[in-house]
Amino acid sequence: MTLDPRITYLVLMAIGSALLVIAAVKFVRYKFKNEKPDASGERRRHPVIRRVLDFLPFIPIVLIGIIGGKVALDLKNQSTPPPESPAQIAYAKAATGDAAAQRDMAAMYETGKSVTKDDAEAYFWYSLSMAGGDKTAAAKSEEIARTLTPEQLESIAQRLKNWKPASPATAN
């Protein structure tokens, strides 16, 4: 099992920061250890320094907790696949030869919903749907054909001639 380099980096950062904080605590305590006592024989530290010294040992624990939480969230987000768009779902069905899905795909291209608006692609999918027996696609196909150039119509005719439905396993 190999570790993700990002996780390795975060763990090394946590360990490094913990070691730095521990070294800082030891250094500050050493500095104040050699402090001369006052007239009463007691070493007096400033209250802020006393509180900082009391809190410093907990910083590595807090840092490791924060980094661990970040790593856990990253791993959770990586394990969840992104949701498929309506266009991806419709294409997976349309590529297998489903006439209704081909009509839906054409409508998406015609309106620009979930995909870039493209009349030539809409005509292509309506033509496939019409060839598959969808009667409502015929009127839409003729309507869009009037807006296309002869070159576009010829290119689409060639694509239709060469088109073969994909098997359901390879459509995704």
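For reference, positions follow the sequence shown, starting with 1.
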Q: Which atom pair, heavy atoms only, marks the closest approach of P86 to M108?
A: O-CE, 3.5 Å
Q: Under the side-chain hydrogen bond (donor to acceptor under 3.5 Å, both in side chains) definition, can you give me all pairs with a residue in residues 128-138, not counting sequence neighbours?
A: R103-D134, S129-D134, D134-T136
Q: Rounded at 0.5 Å granularity, tell me how far OG in S127 sits from NZ in K140.
A: 13.5 Å
Q: Could you tell me which residues satisfy salt bridge (charged side-chain N to carboxylate O under 4.0 Å, His left out) with K117, sequence neighbours excluded, listed by chain and number?
A: D119
Q: What closest approach, in Å, do K93 and A101 show between heavy atoms, and which atom pair accounts for it?
A: CB-CB, 3.4 Å
Q: Indicate yes or no: at least one non-hydrogen side-chain atom of Q88 is less than 4.5 angstrom from one of S85.
A: yes
Q: Measure the spacing between CZ of F124 and OG of S155 and express it to the nearest 0.5 Å.
A: 10.0 Å
Q: What is the distance from atom CE of M130 to atom CG of L160, rounded to the nearest 0.5 Å?
A: 8.5 Å
Q: Any chance you could measure M105, atom CE, to Y109, atom OH, to the nearest 0.5 Å?
A: 4.0 Å
Q: Spell out, as yes or no, whether a donor-acceptor pair under 3.5 Å connects the side chain of Q152 to the backbone of T149.
A: yes
Q: Is the backbone N or O of A107 less than 3.5 Å from a side-chain atom of T111, with the two atoms forming a donor-acceptor pair by type?
A: yes
Q: Are I89 and L128 connected in a single hydrophobic cluster, I mean Ile/Leu/Val/Met/Phe/Trp/Tyr linked by side-chain heavy atoms less than 4.5 Å apart?
A: no
Q: How close do Y123 and I144 get, counting heavy atoms only, and between which atoms?
A: CB-CG2, 3.8 Å
Q: Would you name the heavy atoms of T96 and P165 that are closest together and state the gap between them?
A: O-CB, 3.5 Å
Q: May I ask you to test the D98-D104 pair for a side-chain heavy-atom distance under 4.5 Å?
A: no
Q: The criterion is side chain to side chain contact (heavy atoms under 4.5 Å, CB included); which residues satisfy it with E154, sequence neighbours excluded?
A: none
Q: Which atom names give the shortest non-hydrogen contact between A94 and W163, and what distance separates them?
A: O-CZ2, 3.9 Å
Q: Would you name the heavy atoms of S114 and A87 that are closest together and state the gap between them?
A: O-CB, 3.9 Å
Q: Is there a donor-acceptor contact under 3.5 Å linking the side chains of E110 and Y126?
A: yes
